**Q** 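Have a look at this one.
The first residue of the sequence shown is numbered 1, and numbering continues consecutively from there. Bear in mind the structure is a predicted one, so any value in this text is a computation, not a measurement.
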Amino acid sequence: MGVDIHPSAIIEPGAKLGADVKIGPFCLVGADVTLHDRVELKSHVVVTGQTEVGEDTVIFPFACIGEIPQDLKFKGEKTRLTIGKRNRIREHVTMNAGTEGGGGLTKVGDDGLFMAGCHVAHDVILGDRVIVVNSAALAGHCVIGDDVIIGGLSGVHQWVRIGQGAIIGAVTMVTADVIPFGLVQAPRGELDGLNLVGLKRRGVARSDISALREALKRLSSGEGAFQERARALDTESEYVRQIVDFVTGASDRSFLTPKG
C-alpha cells in the first residue's frame, strides 16, 4: 500500500513520509517532519518543526507535536523532537521541541502512552513504555526512565529525574528526584514506598523485592546524608544497584526521601 492522505490535509513540501502512512482530515505536516512507516495521524493533528515520528505511532485528533518550546529564552534556533516507535499519543497532547540551552533535543522512547491533554515540554528525555495519564505535565529538562507511570493531573518540576519503574500518583506535584521503583503520592509529592504493583507485574523475583524493601528502610533512617546511606547499600540485587547508581548520579535537584 502507498501513503493515504485525506484531500483536506496539508503536507508541506519537504516532508518525508514512509510506507503506509495515513494522514486524516485537516492535518498539517511541516516541511521538516519525518513520518516513518505506518504512522497514522487521525485528524486535525499538527506535526511541525524538526520532528521525527517512529514506526507504527498513532497520533489522535487535536494533538500538537513539535511546536516551539514554551520558553522565553528561545530565539528560533533549530532544535528537534524525536518520537520512537509504537507510541499512542491521544487527543490534545502537546510535545515541544528542545532548546539550545537544553541540548536541542526532546526525545520520546518507544511504546509509550500519552493520554489526553498531557504535556511534554522542551528538552525532556523519556524512556520506553512510559505512561503519562490525562492532563499531567512534564516541565522542561526532565529525565523519565523506562516503565514510569505519571498519574493524571500531576506536575513534574523542571530538571527532575524519575528513575526506572517509579509511579507517581494522581494530582501530585513532584519537585525532587524520584528513585527507581519508588511510589510517590500526596499533593506535594512524598516518597511513600515502592511501586510494588509494577514490580510484580514485571515478574521481579521475590528476593529482589525483599532487597528493595530493605534498601528503602535503610535509606529512610540511619547516619549520614541520603547519598551516603545509598552508597552503603548492599548492591547484590541489580534493582538496588539501580537505585544506588541513580542517587549517586549527576543531578541539579534534591531527592524525595523515604518517610522515616
**Q** Which residue, Arg80, His36, Lys16, forms the side chain to side chain donor-acceptor pair (under 3.5 Å) with Glu52?
**A**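 Output: one option passes, namely His36.
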**Q** Would you say the side-chain atoms of His157 and Thr175 include a donor-acceptor pair closer than 3.5 Å?
**A**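 Side-chain D/A pair, His157 to Thr175: absent.
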**Q** Examine distances only and state if a side-chain atom of Glu12 and a backbone atom of Ala31 form a donor-acceptor pair shorter than 3.5 Å.
**A** yes
**Q** In terms of hydrophobic clustering (I, L, V, M, F, W, Y; side-chain heavy atoms under 4.5 Å; direct or indirect links), are Leu191 and Ile167 co-clustered?
**A** no
**Q** Under the criterion side-chain contact (heavy atoms from CB on, under 4.5 Å), I'd like the reasoning laid out for Met95 against Ile89: C-alpha separation, chi angles, the key distance, then a yes or no.
**A** CA-CA 10 Å; Met95 295 182 174; Ile89 300 172; 3.9 Å; yes
**Q** Are the side chain of Asn96 and the backbone N or O of His122 linked by a donor-acceptor pair below 3.5 Å?
**A** no
**Q** Following the transitive rule for hydrophobic clusters with a side-chain heavy-atom cut-off under 4.5 Å over Ile, Leu, Val, Met, Phe, Trp and Tyr, establish whether Ile168 and Leu113 coincide in one cluster.
**A** no
**Q** Tell me, please, which residues at least two apart from Phe114 pass ring pair (Phe, Tyr, Trp, His ring centres under 6.0 Å).
**A** none
**Q** Working note: Gln50 + Thr79, criterion side-chain contact (heavy atoms from CB on, under 4.5 Å); need CA distance, chi angles, decisive distance, verdict.
**A** CA-CA 7 Å; Gln50 302 257 347; Thr79 58; over 6 Å; no
**Q** Check whether any side-chain heavy atom of Ile65 lies under 4.5 Å from a side-chain heavy atom of Ile59, and answer yes or no.
**A**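 SC-SC contact between Ile65 and Ile59 confirmed.
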**Q** Any side-chain heavy-atom pair from Arg213 and Leu194 closer than 4.5 angstrom?
**A** yes
**Q** Hey, is Asp111 close enough to Arg129 for a salt bridge, meaning N to O under 4.0 Å?
**A**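 No, this pair does not count.
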**Q** For the residue pair Val53 and Thr51, what are the closest heavy atoms and their distance?
**A**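 Minimum heavy-atom separation between Val53 and Thr51: CG2-CG2, 4.1 Å.
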**Q** Distance-only, no hydrogens or angles: does the Asp147 side chain make a donor-acceptor pair with backbone N or O of Ala166 under 3.5 Å?
**A**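 Pair absent, no side-chain N/O of Asp147 close to backbone of Ala166.
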**Q** Side chains of Leu35 and Leu41, heavy atoms from C-beta outward: is any pair under 4.5 Å?
**A** yes
**Q** Are any of the side-chain nitrogens in Arg38 or Glu40 under 4.0 Å away from the carboxylate oxygens of its partner?
**A**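 Salt bridge absent between Arg38 and Glu40.
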**Q** Identify the two heavy atoms, one from Gly163 and one from Val148, that lie closest to each other, and give their separation to 0.1 Å.
**A** O-CG2, 3.2 Å
**Q** Do Lys200 and Ile209 come close enough that some side-chain heavy atom pair is under 4.5 Å?
**A**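 When only atoms from C-beta onward are counted, Ile209 and Lys200 do touch, with a gap below 4.5 Å.
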**Q** Does the side chain of Ile10 reach to within under 4.5 Å of the side chain of Val29, using non-hydrogen atoms?
**A** no
**Q** Over all heavy atoms of both residues, which pair between Ala139 and Gln158 is shortest? Give the atoms and the distance, please.
**A** CB-N, 3.4 Å
**Q** Main chain of Lys73, side chain of Asp71: is a donor-acceptor contact present, judged purely on distance under 3.5 Å?
**A**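 Yes.
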**Q** Does the side-chain contact (heavy atoms from CB on, under 4.5 Å) test come out yes or no for Leu17 and Ile23, once each step is laid out?
**A** CA-CA 10 Å; Leu17 308 182; Ile23 300 176; 4.1 Å; yes
**Q** State whether the side chain of Asn134 and the backbone N or O of Gly152 hold a donor-acceptor pair below 3.5 Å, judged by distance alone.
**A**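 Pair absent, no side-chain N/O of Asn134 close to backbone of Gly152.
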**Q** Taking the side chain as C-beta and beyond, is there a heavy-atom pair between Asp37 and Asp56 under 4.5 Å?
**A**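 The answer is no; the side chains never approach within 4.5 Å.
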**Q** Side-chain heavy atoms under 4.5 angstrom apart, residues restricted to Ile, Leu, Val, Met, Phe, Trp, Tyr: same cluster for Val244 and Leu199?
**A**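 Linked, Val244 and Leu199 end up in one cluster.
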**Q** Let's go through Phe181 and Gln242 carefully: what are the C-alpha distance in whole Å and the side-chain angles of both, what is the deciding distance for side-chain contact (heavy atoms from CB on, under 4.5 Å) to 0.1 Å, and is it a yes or a no?
**A** CA-CA 9 Å; Phe181 317 111; Gln242 286 187 54; 3.8 Å; yes
**Q** If you measure from the Lys or Arg side-chain nitrogens to the Asp or Glu carboxylate oxygens, is any gap between Arg161 and Asp177 under 4.0 Å?
**A** yes
**Q** Minimum heavy-atom separation for Ala15 to Gly30, with atom names?
**A**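 Reported closest heavy-atom pair: CB-O, 3.3 Å.
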**Q** Check whether Ser154 reaches the backbone of Ala136 with its side chain - one donor and one acceptor, N or O, closer than 3.5 Å.
**A**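 Checking the backbone N and O of Ala136 against the side chain of Ser154, no donor-acceptor pair under 3.5 Å is found.
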**Q** Does a sphere of radius 6.0 Å around CZ in Arg218 hold more than 12 heavy atoms from other residues, nucleotides or ligands, not counting ones at 6.0 Å or beyond?
**A**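 No.
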**Q** As an exercise, state the distance from OG1 of Thr172 to CZ of Arg188, rounded to the nearest 0.5 Å.
**A**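 That separation rounds to 10.5 Å.
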**Q** Counting only N and O atoms by type, is there a donor-acceptor contact under 3.5 Å from the side chain of Thr57 to the main-chain atoms of Gly84?
**A** yes
**Q** Distance-only, no hydrogens or angles: does the Thr235 side chain make a donor-acceptor pair with backbone N or O of Arg241 under 3.5 Å?
**A**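 Side chain of Thr235 to backbone of Arg241, a donor-acceptor pair under 3.5 Å: no, none is there.
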**Q** Going by heavy atoms in the side chains, are Leu219 and Leu233 under 4.5 Å from each other?
**A** yes
**Q** Examine Val184 and Leu216 and state if one hydrophobic cluster contains both, with Ile, Leu, Val, Met, Phe, Trp and Tyr joined whenever side-chain heavy atoms are less than 4.5 Å apart.
**A**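 Same cluster.
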**Q** Would you mind reporting whether Leu28 and Val47 have side-chain heavy atoms less than 4.5 Å apart?
**A**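 No, too far: nothing below the 4.5 Å cut-off.
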**Q** Same hydrophobic cluster for Ile150 and Val174, using side-chain heavy-atom links shorter than 4.5 Å among ILVMFWY?
**A** yes
**Q** Can you say whether the rings of Phe246 and Phe255 are parallel (under 30°), tilted (30 to 60°) or perpendicular (over 60°)?
**A**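 Phe246 and Phe255: perpendicular rings.
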**Q** State whether a side-chain donor-acceptor pair under 3.5 Å links Thr99 with Asp123.
**A** yes
**Q** For residues Val21 and Gly18, report the shortest heavy-atom separation together with the two atoms involved.
**A** CG2-O, 3.3 Å
**Q** Please check this pair: side chain of Glu91 against backbone of Phe60, looking for a donor-acceptor N/O pair closer than 3.5 Å.
**A** no
**Q** So, taking the atom named CD in Glu228 and the one named CD in Glu223, what distance separates them when rounded to the nearest 0.5 Å?
**A**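 So the gap between those two atoms works out to 10.0 Å.
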**Q** Just by modelled atom types, is the His6 backbone N or O under 3.5 Å from a matching donor or acceptor in the Ser8 side chain?
**A**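 No: the side chain of Ser8 does not pair with the backbone of His6.
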**Q** Identify the two heavy atoms, one from Pro69 and one from Gly98, that lie closest to each other, and give their separation to 0.1 Å.
**A**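 The pair with the smallest heavy-atom distance is CG-O, 3.7 Å.
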**Q** Side chains of Asp146 and Gln164: any donor to acceptor distance under 3.5 Å?
**A** no
**Q** Give a yes or no on this: more than 12 heavy atoms of other residues, nucleotides or ligands lie within 6.0 Å of atom CD of Glu77.
**A** yes
**Q** Heavy-atom count check: over 12 atoms from other residues, nucleotides or ligands less than 6.0 Å from Arg201 CZ?
**A**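 No.
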